[in-house]
Amino acid sequence: MKILLIEDEVALRDSIIAYFTEEGSICETADDYATALTKINIYNYDCIVLDLTLPDGDGMEILRNLKRLHKNDGVLIISARHSLDDKLSGLNLGADDYLVKPFHLSELKARVSAIVRRKSFDGNNLILFHEINIDTLAMKTMVGQNSVNLTKKEYDLLVYFIANQSKVITKGALAEHLWGDEIDLSDHFDFIYTHIKNLRKKLVEAGCNDYIKSMYGVGYKFSS
Amino acid sequence: MKLAQKYNRVNLITSLIILVLSGGIYYFAIHYILTNKLDNDLKIEEEEIVASVHEYHKLPLPSDFKDQKVTYLKLKEGESAERSFSNTTYNNPGEKETEPGRSLVTTVKVGTQDYLVTITKSSLEAEDLIRLIFLITLGVIIVLLISLIAVNRFILNSLWRPFYEMLKQLKAFNLADQNEFSVQHTQIDEFRELNQSVISMSTRVRQDYKELKSFTDNASHEMMTPLAVINSKLDTLIQTEALSDRQGELIEDVYLAVNKLSRLNQSLLLLAKIENNLIKDEEDIMLDVLVAQKLRQFNELFIANGITLEKNLEPQRLYMSKYLADIMLNNLINNAIRHNKQNGQITVHLAAGKFSVANTGVDKALDSHRAFERFYKDSSSEGTGLGLAITSQICNLYNYKLSYSHEADRHVFTIKFQMPV
C-alpha cells in the first residue's frame, strides 16, 4: 500500500517510516503543509497519516483540499490534542479515523490497514495470512477449509496480529487496542494472556500453525 | 444592609432629631413671645387703672371685658403684695368654662387705702395659636419624612440602577462564553468609571485566559509529542533482534512509565478543561443504560480479579456531557477494582437520584476530606491520583454531591443528583 505521512516531528516520522516500509509498503513523507499540499495534488494514496499541527498551516486545511479535489484517499489524523471538537470536526471533514498521541506504532499500523481495506473498491475485504483467511465483512475466520469460531476479542486480536505480522507487539498496545484507553489496565496486562491462549488453542485445533510467539517481558510476535 | 437602606436610616434619624429639636425650640420661642405680648396687654391695663385712679381718685368699676377680668381686694393695714405675673385659669362667663389664663397681681393706692388688683386675661387664643403652630410643624415633619423616604427610595433606586445592572452581569460573568458586558448609559461619573473599569478588566482577563488556554493547549502538544517519540522509539527498539530477557523487562518498565506520564498529562488537561467549563456537549442520557454498558465492559476485569458484582439499577435520566459521564463512571469503577482485594465484592446501586459504588478493600477508611484532592493516593497505588479529583470536579460542574463513607468494611462512593422539582 501507498502511504503519505504528514508529520513535522523528525524522530516520530523516522520511526513510523521504519515500521511501515519493512512491510513492503511505500511510505512517502511531507514535513510541512506546503509539501503535503503539493503531494496530495499530484498523487493518490491509499492512506494519508496527518498530523493536525504543522509549522506552516492547519492540518484541517489539507482535509478541505482533499474534499475540494474529490480525492478518495483514506485519512488518519494523529494529533496531540485530545479534544472532542477536533475529533468531530476532523471526522466531519472526511477523515476516517483519529488517533491521539502518544500511540503505539502497532495501533497506527492496524488502523491504517483497516482504512486501506475499507477504502479498496475491488471487494478486498479478505485478510490472508498463509492458511488463515478472514472475511472482514462477515467477520468469519477460516483456517484452510475449517471455520474457526472466535469471540469478538479473539477476532480483533487476530486481525491486529496479522496487520502487524513479524513485529513485536507490546502487551500494553494489545490491551489498549482490545479495551480502549478508558479502562486503565496498567496493573492487569497479564490478563490478556488468557485471550491469547484461547486464540492460539482455537487456531491450532483448526489445523493452523502456531504463529504466536511470546517475547519474554515485552509482548508477542505473530510470524511464520 | 443595602447602602440605600443604611443611608436612608441615617438620613431619617438625623432629620427626625433636627426637626423635633427645631420644633421644640419653635414651640418655646412662640410661647415666650405670646406670653410676653399678654404680659404687655396686662401692663397696659394696669397703667389704665393707675391712670384712672390718678384722675378720678377712685377705682374703675370692676368690669368684665371680653376675655378679661379685673378684681379688687382691699388690703388690710400693713399688708402688702409683690407685683407679679402668673399663669392661672380664667373662667369664661360667656361660655361657662375654664380656660387657661394669665394674670397680673399688683397694688394700687386710692387715697390711703391700698387695693390688691388682679387682672386676668384668657390665654386661650394664644394657646390655640401655639397648638395650631405645633400641628402645622408636626404636619410639615411628617410630610417631610414621607417625601424623604419616597425620594430616597425612588431616586436612589433609579440612581443605583446602572450599578445593580453591572453587578448582575458580573455575577453571571463566565470566562468561557464570549458575551460582552452591555453597559447602561449613566450620567453619574462614578458609575461611568465603574463600567469602564469593568469592561477593561474583563477584556484583560479574557485576553489572559485566552493566552492561558493556548498555553495549556501548546503545553499538551509539546509534551505529547516527545512522549509519542519515546513510545515510537520503544516500539522500534523492541523490533531489533536478540533482546535479552533483562532488556525486555527494562523496556516494559519504560513503557509503563511513559503510559503513566501520558495519562497524567491527559488527566491534568481534562481537569483544567472541566474547571474552565469548556466541555459543553450536554445531552439527555440514561445513566442506568450507561452504567450497565460500563459494567459489561469491565466484566472481564471483574472475572480476572475474582470480584463478584452486585447491581441494582433503576432508570435515571441525566442532562450532562456523555464524555464526562463516561469518565466519571470509568474512574469510580476503576477505583473499585484497583483498591479491591482478591475475591472481593463490588456493589453498584442506582436508585432515587443516588448512584453509589461500594467495594471491599483495605479495612482502613480513607480520609474523607482529602480523598478528592489531587494526587491523594496510596503510595502503592498505580493510579495517577487524579481520578477522584476529576470525578469530584465533574460532580461540581453539574451540582451533584459526591461523598465518601466507610460502612461495614466497604468503601462507598455516592453521587446524589439534583432532582428537578
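Atom set for the values below is all heavy atoms of this structure, side chains included, hydrogens, waters and symmetry mates excluded.
Residue pairs meeting the salt bridge (charged side-chain N to carboxylate O under 4.0 Å, His left out) criterion with at least one partner in residues 299-308 of chain B, sequence neighbours excluded, are A:K153-B:E300. Applying the ring-ring contact (aromatic ring centres under 6.0 Å, His included) test to residues at least two apart or on different chains, the pairs with a partner in residues 244-279 of chain B are A:H104-B:Y255.
Contact record, B:K233 with A:A11: NZ-O, 3.0 Å, taken as the closest heavy-atom pair.
B:S232 contributes atom OG, which lies 11.5 Å from atom OH of A:Y19 (distance to the nearest 0.5 angstrom). Note: B:E252 CD to A:M215 CE = 13.5 Å, rounded to the nearest 0.5 Å.
For the pair A:V100 and B:Q266, the minimum side-chain heavy-atom distance is below 4.5 Å. The closest side-chain heavy-atom distance from A:K101 to B:T225 is below 4.5 Å.
For A:K167 (side chain) and B:T236 (main-chain N/O), no donor-acceptor pair under 3.5 Å exists by modelled atom type. Remark: side-chain polar atoms of B:Q297 are not paired, donor with acceptor, to backbone N or O of A:W179 under 3.5 angstrom. The backbone N or O of A:L105 lies less than 3.5 Å from a partner atom in the side chain of B:D235, making a donor-acceptor pair.
Residue-environment remark: CG (A:N92) exceeds the threshold of 12 foreign heavy atoms within 6.0 Å.
With chain A as the partner, the residue from B:D281, B:I333, B:I238 showing the most heavy-atom pairs under 4.5 Å is B:I238.
Contacts of B:L227 with chain A are made by both backbone and side-chain atoms, with heavy-atom separations under 4.5 Å.
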